[in-house]
A.B. asks: 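Handing you a structure now.
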Amino acid sequence: MNKRKPISRPLLFLLSLALLPFYLHAQDKSPEMLAEVWVMTPKADMQDAFEKGLKEHMAQRVKLGDPRKWNVYRPVLGDGLNSYVIRACCFQWKDLDSYRNWSIEKDPMKHWNKNVDPKVHKYEHYLSVVDTQNSHWPEDTKYNYVGVSWYQVKMGHWQEMEADKKLMSDLAKQHNWPYNWAWASSVSNGGSMSLAVPYADYASMAPPAESFAAFMGKHMGAEEKAKEMLKRWASHFEERHYNIYRHDKELSME
């Protein structure tokens with residue numbers, strides 16, 4: 001999906017976000033893993049035609065043997081409800097070259113340009129780096145929605161933020177926090193980071209009986225330590241946004 005058009009202001013910097021799925025098997029010296037995302041907005045009154053063309057195009061990519069699996073997500077909240085988030089993960093930097101070569105050889109864009117592009121009003125394109133070390137996303141994870149928090153890290157806070165992120169993630173893994181999660185940072189939007197949490201349905205989004213603050217306090221040995229740590233965590237950010245995305249399996253590659 002390498003059609004180029006002018007890129008507008010990011011939709012809440014959406015594609016610095018880590019939308020799923022990807023399978024995390026963290027290793028101490030694992031290579032940097034990337035995710036690629038396109039955000040597309042159909043032309044007015046062409047949403048149904050866009051979806052039809054997109055579904056046909058995904059089938060065409062399967063037929064051509066696309067080495068990536070593209071998944072489609074739809075925002076649930078906010079003012080960009082007519083957008084489509086199309087994402088593939090996970091690969092190394094060198095794989096961008098091999099994928100470009102595959103695209104030149106198989107030319108999937110011929111089908112795209114004829115059947116989908118005429119229906120698109122706007123494109124956005126992003127790369128993010130997946131933090132495999134601090135994420136927890138087992139291969140058998142099942143979900144229909146993803147809740148994504150986006151953070152803008154303050155200048156000069158990145159190193160301290162990373163240390164606190166590791167502290168929280170390590171405690172959550174060691175003591176079986178009953179959720180899965182994934183961290184990522186944007187390649188293009190400097191200082192932006194995201195946290196994605198998968199959910200089966202809306203009911204599973206309700207706050208747990210034990211809050212994360214209480215969970216942290218119990219396993220840090222003192223409630224005050226947890227409060228201080230979470231206060232420090234909040235101090236690292238200038239902004240925070242949250243949205244929920246529905247995984248559109250009918251439009252995704254099978």
Side-chain angles (χ1 to χ4, degrees), residues 1-22 34-91 95-128 130 143-146 148 150 184 186-189 194 196 243-254:
M1 294 183 180
N2 31 21
K3 180 72 180 181
R4 296 184 182 275
K5 280 191 175 182
I7 297 174
S8 67
R9 183 178 65 85
L11 181 65
L12 291 182
F13 298 96
L14 257 189
L15 276 309
S16 67
L17 305 183
L19 300 178
L20 291 299
F22 55 84
L34 303 173
E36 182 172 14
V37 185
W38 291 85
V39 180
M40 301 177 192
T41 305
K43 292 177 180 177
D45 301 321
M46 297 196 75
Q47 185 167 338
D48 290 344
F50 170 82
E51 286 195 6
K52 181 177 182 294
L54 177 60
K55 188 171 184 178
E56 292 173 354
H57 182 72
M58 291 299 194
Q60 174 70 5
R61 283 183 173 265
V62 171
K63 182 179 179 180
L64 292 174
D66 193 331
R68 294 186 185 175
K69 181 178 179 181
W70 294 93
N71 283 278
V72 179
Y73 301 84
R74 302 296 314 281
V76 173
L77 308 174
D79 58 0
L81 300 179
N82 61 334
S83 63
Y84 294 74
V85 179
I86 305 173
R87 181 182 186 274
C89 188
C90 294
F91 46 86
D95 297 323
L96 292 172
D97 296 315
S98 60
Y99 193 69
R100 180 176 181 274
N101 292 336
W102 176 85
S103 297
I104 292 172
E105 178 185 354
K106 299 296 185 178
D107 194 16
M109 297 310 297
K110 180 179 180 180
H111 182 275
W112 179 271
N113 291 337
K114 179 180 179 181
N115 297 282
V116 191
D117 180 68
K119 305 169 182 69
V120 178
H121 167 63
K122 181 176 67 174
Y123 290 91
E124 300 177 43
H125 185 214
Y126 304 90
L127 286 174
S128 59
V130 181
Y143 69 96
N144 294 303
Y145 298 90
V146 184
V148 182
W150 171 83
S186 173
V187 170
S188 58
N189 297 318
S194 64
N243 209 335
I244 299 167
Y245 299 86
R246 177 178 61 85
H247 184 201
D248 194 325
K249 297 178 181 178
E250 290 189 3
L251 295 179
S252 300
M253 283 176 63
E254 297 180 355

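One is the number of the first residue; the rest follow in order along the sequence. The model shown is predicted, which means the values in this text are computed figures rather than measured ones.
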A.B. asks: Enter the distance from His57:NE2 to Leu64:CG here, rounded to the nearest 0.5 Å.
C.D. replies: 8.5 Å
A.B. asks: From Arg68 CZ over to Phe91 CZ, what is the distance, rounded to the nearest 0.5 angstrom?
C.D. replies: 3.5 Å
A.B. asks: Nearest heavy-atom pair of Lys119 and Asn115: which atoms, and what distance?
C.D. replies: NZ-O, 2.7 Å
A.B. asks: Is Asp97 atom CG crowded by more than 12 heavy atoms from other residues, nucleotides or ligands, each under 6.0 Å away?
C.D. replies: yes
A.B. asks: Below 4.5 Å, heavy atoms only, C-beta onward: do Pro108 and Asp66 meet side chain to side chain?
C.D. replies: no
A.B. asks: Find out whether His125 and Glu36 are in side-chain contact, i.e. whether some heavy atom of one side chain is under 4.5 Å from a heavy atom of the other.
C.D. replies: yes
A.B. asks: Are any of the side-chain nitrogens in Glu56 or Lys52 under 4.0 Å away from the carboxylate oxygens of its partner?
C.D. replies: yes
A.B. asks: Side chains of Tyr84 and Pro42, heavy atoms from C-beta outward: is any pair under 4.5 Å?
C.D. replies: yes
A.B. asks: Output the distance between atom CG (Leu81) and atom OG1 (Thr41), rounded to the nearest 0.5 Å.
C.D. replies: 11.0 Å
A.B. asks: Out of curiosity, Ser128 OG to Leu34 CG, how far, rounded to the nearest 0.5 Å?
C.D. replies: 7.5 Å
A.B. asks: Are any of the side-chain heavy atoms of Ile86 and Met40 separated by less than 4.5 Å?
C.D. replies: yes
A.B. asks: If you count the non-hydrogen atoms of other residues, nucleotides and ligands that lie under 6.0 Å from CG in Asp48, is the total more than 12?
C.D. replies: no
A.B. asks: One pair to check against side chain to side chain contact (heavy atoms under 4.5 Å, CB included): Val148 and Asn243. What are the steps and the verdict?
C.D. replies: CA-CA 5 Å; Val148 182; Asn243 209 335; 5.7 Å; no
A.B. asks: In the structure I gave you, are the side-chain heavy atoms of Arg87 and Tyr126 within less than 4.5 Å of one another anywhere?
C.D. replies: no
A.B. asks: When rounded to the nearest 0.5 angstrom, what distance separates NZ in Lys106 from CD in Gln60?
C.D. replies: 11.0 Å
A.B. asks: Is the shortest distance from a Lys or Arg side-chain nitrogen in Asp248 or Arg246 to a carboxylate oxygen in the other one below 4.0 Å?
C.D. replies: yes
A.B. asks: Walk me through it: do Met58 and Leu54 pass the test side chain to side chain contact (heavy atoms under 4.5 Å, CB included)?
C.D. replies: CA-CA 6 Å; Met58 291 299 194; Leu54 177 60; 4.0 Å; yes
A.B. asks: When you check the side-chain N and O atoms of Lys249 and Asn144, is any donor under 3.5 Å from an acceptor?
C.D. replies: yes
A.B. asks: Is there a side-chain contact between Phe50 and Leu251 in this structure, where contact means two heavy atoms from C-beta onward sitting under 4.5 Å apart?
C.D. replies: no
A.B. asks: Taking atom CH2 of Trp102 and atom CG of Asp107, what is their separation to the nearest 0.5 Å?
C.D. replies: 9.5 Å
A.B. asks: Do any N or O atoms from the side chain of Arg74 and from the backbone of Ser83 form a donor-acceptor pair under 3.5 angstrom?
C.D. replies: yes
A.B. asks: Looking only at side chains, do Asn71 and His247 share a donor and an acceptor under 3.5 Å apart?
C.D. replies: yes
